[in-house]
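Input: a single structure, listed below in structure tokens.
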Amino acid sequence: MSKEYRLEVNGTQMNQMASTHDLPKQYDHHAAEERWYPFWESRGYFHSEPNPAKKPYTIVIPPPNVTGALHLGHALNNTLQDILIRRKRMQGFETLWVPGTDHAGIATQAVVERRLWLEERKTRHDLGRAALVARIWAWKDEYENRILNQLKQMGCSCDWARTRFTLDPICTQAVRHTFFRLFCEGLIYRGKRLVNWDTTLQTVVSDDEVFHEQVAGHFWYFKYPVIDPRPGEPTHVTIATTRPETMLGDTAVAVHPFPAQALEEASRDLERKWTTASERERAELESALEDIRRRQRELLPELIRLRDMASDGRKILLPLLNREIPLILDLWAKPEMGTGCVKITPAHDPNDYLVGQRHELPMINILNPDGTLNANAGPYQGQTILEARENVVRDMEAARLLVKVEDRLIDLAHSDRSKTPIEPMLTDQWFIAMADLAQMAMDAVSDGRVKIIPPRYAKGYLDWLSEKRDWPISRQLWWGHQIPIWYCETATEEEIAKAFAGRDDIAWRWDEEGKQWLICVREGEIAEDAIPGHRLRREEDVLDTWFSSALWPHSTLGWPDQTPELQYYYPTSTLVTSRDIITLWVARMVLAGLHNVGKVPFHEVYIHPKILDAYGEGMSKSKGNGVDPVDVMEKFGADSLRFALAYLTTETQDIRMPVDFECPHCHRFIEQTRENRVLPRLRCPHCHRDFATQWAEKPEDKALPRGLVVSERFEVARNFCNKLWNAARFALLNLEGYTPISIAMEQLELEDRWVLSRLTRVIQEVDDALEQYRFAEATRILYEFAWDEFCSFYVEMVKARLQEPGKRAVAQAVLVWVLDQLVRLLHPFVPFVTEEVWQHLAKVAPVRGLESHEKAAESIMIAPWPKAEPKWCKPQIEEEFRQFQELLRAVREIRSRQNVPPRQMIDFTVRCSPETASKIQKMEPYFHLMAKARPAELGPEVKAPTMAAHVSLPGVEVYVDLAGLIDRDQEIRRKQQELSRLTEMIDKKKAKLNDPQFRQRAPAAVVERERQTLAQLEEQYKVASAALEQILQVQTKS
RNA sequence: GGGCGAUUAGCUCAGUUGGUCAGAGCGCCACGCUUACAACGUGGAAGUCGGCCGUUCGAAUCGGCCAUCGCCCACCA
């Protein structure tokens, strides 16, 4: 358990709560959070055990990297999971949410190495493998703790007893068993591959750890001499390159086999594009076409001659090294690019590698791991890439082989971690053959065993898998699962078989290319001298992080052991994640689950939005635009963080989140901009005092108070929590003498039936939305019900009855019941404030219900989820109520526009049908209470008072007699506006109804509705113009 | 280059199956500290739903094209 939550848990929580009489007016989120999380945890609510009596509902957390603290994206991800989990728990499922963290191979190692360098000026080689790994473990412990605490602070109801880490013994066992099985099945192999080499970290980085950046560079044109040119033949081949130094590794020059056709095709292609291109694009196309025509005129003859020379098997002399290299024919040498001829460096360029394979060219690696040139570079050995580049260019120039240099923007690959340029390099790597595995994973989604939500994301998943590219799994790192392979070059198969006789946990295979035995062991290690007379050498590389992540849903449950957990909880129910790891992670979990367990890892995958800043950019630490969930919780509370995020989780949109600094002095917000977000200190424009930001490094900056980084978008949620708190506060202050009573439907007042009907519908709608992962919709429904209906109407209306002894008991019972149901519905979203309310309610109204009663659960967390009772659903009452609300609004509008003093009671008269009149009559006290207004005269015979403000509603005319108070001009203006609006609408409707097409083709019901609307509008017009007439007359008389 | 998404009030966003759906919150204006709540209440102003064309009796909603923005994948001697 975390330090932050080490609180005395001895059943004294109740005593720490404020008593009903001094409930604070503002909800104190800090107090509630500190009080209830330890309470839940101590009661063991988070813990789950297989329980055959219940259905399981399981989520495994996408394990956050132990690289650093959680960001807002994590907050979103985990909020949504907790909402699902808490609701299912209340619904009676046996819910398990497995928490954990990911070792995140290169990312974590890089962070620790960077710190090692900054603080101690040491590299990992100074420390050695064991010591570095020990350092990373220490780092991991610190950050894992921090991450888990953040999750707890957010209220996440994970089963902490089952916390896993991708490098812990449980996960390690799964990794080893998986690797061993794949090895035995022949699905793991060793091969050559061109990798992204990071010369600073001296490691391979994966494609997704590479970013591209445009840098200013050059395009050098070199001439390579042709060996023994015949008369009339070109004496040189001209090539162009952005990387002159790589020529030292050249093993061929390629030319296109059909240059004329290729150029022809390229020009046809451009012409085709021309037809659909816009003005602007056409200019570009035109110059490209022009270029091709020029090539056809000037370059083509030479290319054709070179092509012929290539078919003739002619050779080129590679300058500087004086190596003989062939002139080859390959489609890769596009005549519309560069000089039409291309140098081939198979060991240092992905495309050239393919060419090299096709032509079986030698592959010459010219680089050392640290980015200096090796012996293959001849005289340039030992130089850095940049030094070699300069020297090669200088020497080529001296040899008069440099034709020209052009400036050019180059899209250069950089390592995400070290920010240094990537060198493509040919190395030995381990792979998993994907053909069959990928197919299994595709089938699982195609046939619906795994459902991806929203469904559009299935396409990317299927497309990516359908390429069935083998998965490179080795990484030249020290932090991770070391590949369980031992090499032996010298032993014979008999010796190996003898040494490992009877061991079914060891397998071996001859590696023809490496001329060595590959020996794999399922668990533990093999001693160096396990084979008498020979030495075994262990593979140093570790596995790709995603290898262990792929096993997460079953490894965390104990696989390969057939644990009760695995049998009960697997397949898990839902995976909640973001779209950028659908392929890297989701796809691999599906295939690993199918391969290892034989079942899909989860039934549904919910892909949630990404959080962007005000500029629509993704948030990141390096950009400085990240919002820290801890800051948000400090300022607004965990519930507000959660509620706001859920409120923003719509299906199609990413979440745009303007970022603000909070001035620590005056607590006002300062908008974050691209400029100010990277500064170490800022001056508050309101109070003109300085504060520090996350970038503060200098002591004088760090000494300043730090401004929180938050977003104003959490205010809505904070206000909502406070509103809810105050509604509860109202109830608590009015529950004196509460006793549970059985209530018959007949005892209920209109507002009771209305609010119960609305509640019933809300339960249905929230259930519906959440089943479909429509978090924003569920949140919105609850927000609007709680605020606009429960608080603004029900609570207001019940006030009077709470003062009447005869009506008090029923009013209390309904009030408590609706509040009870509302906080249950809200609990998954805002667990702390709802628990706070729940516990307060338990003190004054422990037994609640309408017809039947139940003692409330000791925590809302384990209280049953509300059920919609169809019998409470009363559409007619809702309709009546809607009319009341409109009328109330009309009266209020008159008050407001006539500036009637707030305390002054006004009378109003209503012309309407007798039925409506009697309904309005019943609502009398509410008009009094909510609008300081009194219905004086009601019915069909009511005449408009001579001095009146008037509002017209369908079938209802409302007048307020304001003799002496009326602002005539105001009222006249208003009426005129209203009349012109009505005229416009009437004209539109008439035109529509006069259209024979409409009358014929539209459904009869629609036509009828339009007809009725028109009649209403015309009636309103009549009344309004009469009212206007009357006011005008009054004016004339006076 | 391939794919996906977005464009609705000053800002951030809702709008299920085409027919009172033009909405919310913030911001703004006016009036209110009315004994749950000023983190509040009441009322108000504000948008030719990115543009064009089509389908339809009828389009924010369906189709096509264009523009702008964003994301993913591939590629760039």
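Below, chain A is the first sequence line, B the second, and so on; all start at residue 1.
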Pair assignment for [N], Watson-Crick or G-U wobble, requiring both distances under 3.5 Å:
| N | result |
| --- | --- |
| B:C26 | B:G10 |
| B:C75 | none |
| B:C31 | B:G41 |
| B:G58 | none |
| B:G47 | none |
| B:G70 | B:C4 |
| B:C21 | none |

From the list [options], which nucleotide is the closest neighbour of the side chain of [X]?
| X | options | answer |
| --- | --- | --- |
| A:R713 | B:A36, B:C13, B:C37 | B:C13 |
| A:N719 | B:G44, B:G3, B:C40 | B:C40 |
| A:R892 | B:G25, B:G43, B:A36 | B:G43 |
| A:C791 | B:A36, B:G41, B:C13 | B:A36 |

Hey, is the side chain of [X] pairing donor to acceptor with the base of [N] inside 3.5 Å?
| X | N | result |
| --- | --- | --- |
| A:K723 | B:C37 | yes |
| A:R780 | B:A14 | no |
| A:E796 | B:A36 | yes |
| A:Q26 | B:A39 | yes |

Return the 5'-most residue of the pair A:V795, A:Y27 with respect to RNA chain B, ranking by each residue's nearest nucleotide.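 Here A:V795 is the residue nearer the 5' end.
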
Between A:C341 and A:W464, which has a closest nucleotide on RNA chain B that is more 5'?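 The residue mapped nearer the 5' terminus is A:W464.
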
Can you find a heavy atom in the side chain of A:I655 that is under 4.5 Å from one in the side chain of A:L612?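 No, too far: nothing below the 4.5 Å cut-off.
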
Does some side-chain heavy atom of A:L887 sit less than 4.5 Å from a side-chain heavy atom of A:F927?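 A side-chain contact exists here, since the closest heavy-atom pair is under 4.5 Å.
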
Got a salt bridge between A:E784 and A:R780, using NZ or NE/NH1/NH2 to carboxylate O under 4.0 Å?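 Result for this pair is no, no salt bridge flagged.
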
With rounding to the closest Å, how many angstrom separate the [atom1] atoms on [N] and [M]?
| N | M | atom1 | result |
| --- | --- | --- | --- |
| B:U68 | B:C52 | C1' | 15 Å |
| B:G54 | B:U8 | P | 24 Å |
| B:A9 | B:U61 | P | 15 Å |
| B:A6 | B:C13 | P | 13 Å |
| B:G19 | B:G58 | P | 14 Å |
| B:G10 | B:U16 | C1' | 29 Å |
| B:C65 | B:U55 | C1' | 15 Å |
| B:C62 | B:G70 | P | 24 Å |

A:L929 to A:E796 - nearest heavy-atom pair and separation: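 Heavy atoms of A:L929 and A:E796 come nearest at CD2-O, 2.7 Å.
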
Which is true for [X] with a 4.0 Å heavy-atom rule: it touches a base, it touches only sugar-phosphate, or it touches nothing?
| X | result |
| --- | --- |
| A:R895 | nothing |
| A:K932 | nothing |
| A:K610 | nothing |
| A:W220 | nothing |
| A:T246 | nothing |
| A:R889 | sugar-phosphate |

If you compare every side-chain N and O of A:S896 against the phosphate oxygens of B:U42 (OP1, OP2), does one of them come in below 4.0 Å?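 Negative; the distance criterion is not met.
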
Would one find a side-chain N or O of A:W332 under 4.0 angstrom from OP1 or OP2 of B:C75?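 So the side chain of A:W332 is outside the cut-off, no N or O lying under 4.0 Å from OP1 or OP2 of B:C75.
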
Rounded interatomic separation in angstrom, taking [atom1] from [X] and [atom2] from [N]:
| X | N | atom1 | atom2 | value |
| --- | --- | --- | --- | --- |
| A:R718 | B:A38 | CZ | C1' | 12 Å |
| A:K799 | B:U35 | NZ | C1' | 8 Å |
| A:E715 | B:U12 | CD | P | 16 Å |
| A:I607 | B:G3 | CD1 | C1' | 16 Å |
| A:K459 | B:C72 | NZ | C1' | 12 Å |
| A:R882 | B:U20 | CZ | P | 14 Å |
| A:Y461 | B:C71 | OH | P | 26 Å |
| A:Y353 | B:C75 | OH | P | 15 Å |

Ring-plane angle category for A:H29 and A:Y27, please: parallel below 30°, perpendicular beyond 60°, tilted otherwise.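 Rings of A:H29 and A:Y27: tilted, as their planes differ by 30° to 60°.
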
Scan A:D250, A:D352, A:D330, A:D349 and name whichever one has a salt bridge (Lys or Arg N to Asp or Glu O under 4.0 Å) with A:K343.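 So the option named by the test is A:D250.
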
Among A:E712, A:E715, A:E662, find the one that has a salt bridge (Lys or Arg N to Asp or Glu O under 4.0 Å) with A:K635.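 Answer after filtering A:E712, A:E715, A:E662: A:E662.
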
How about A:H840 and A:W725: are their ring centroids closer than 6.0 Å?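 That pair passes the under 6.0 Å test.
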
Could you tell me whether A:E671 atom CD has more than 12 heavy atoms of other residues or ligands within 6.0 Å of it?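 Result for CD/A:E671: open.
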
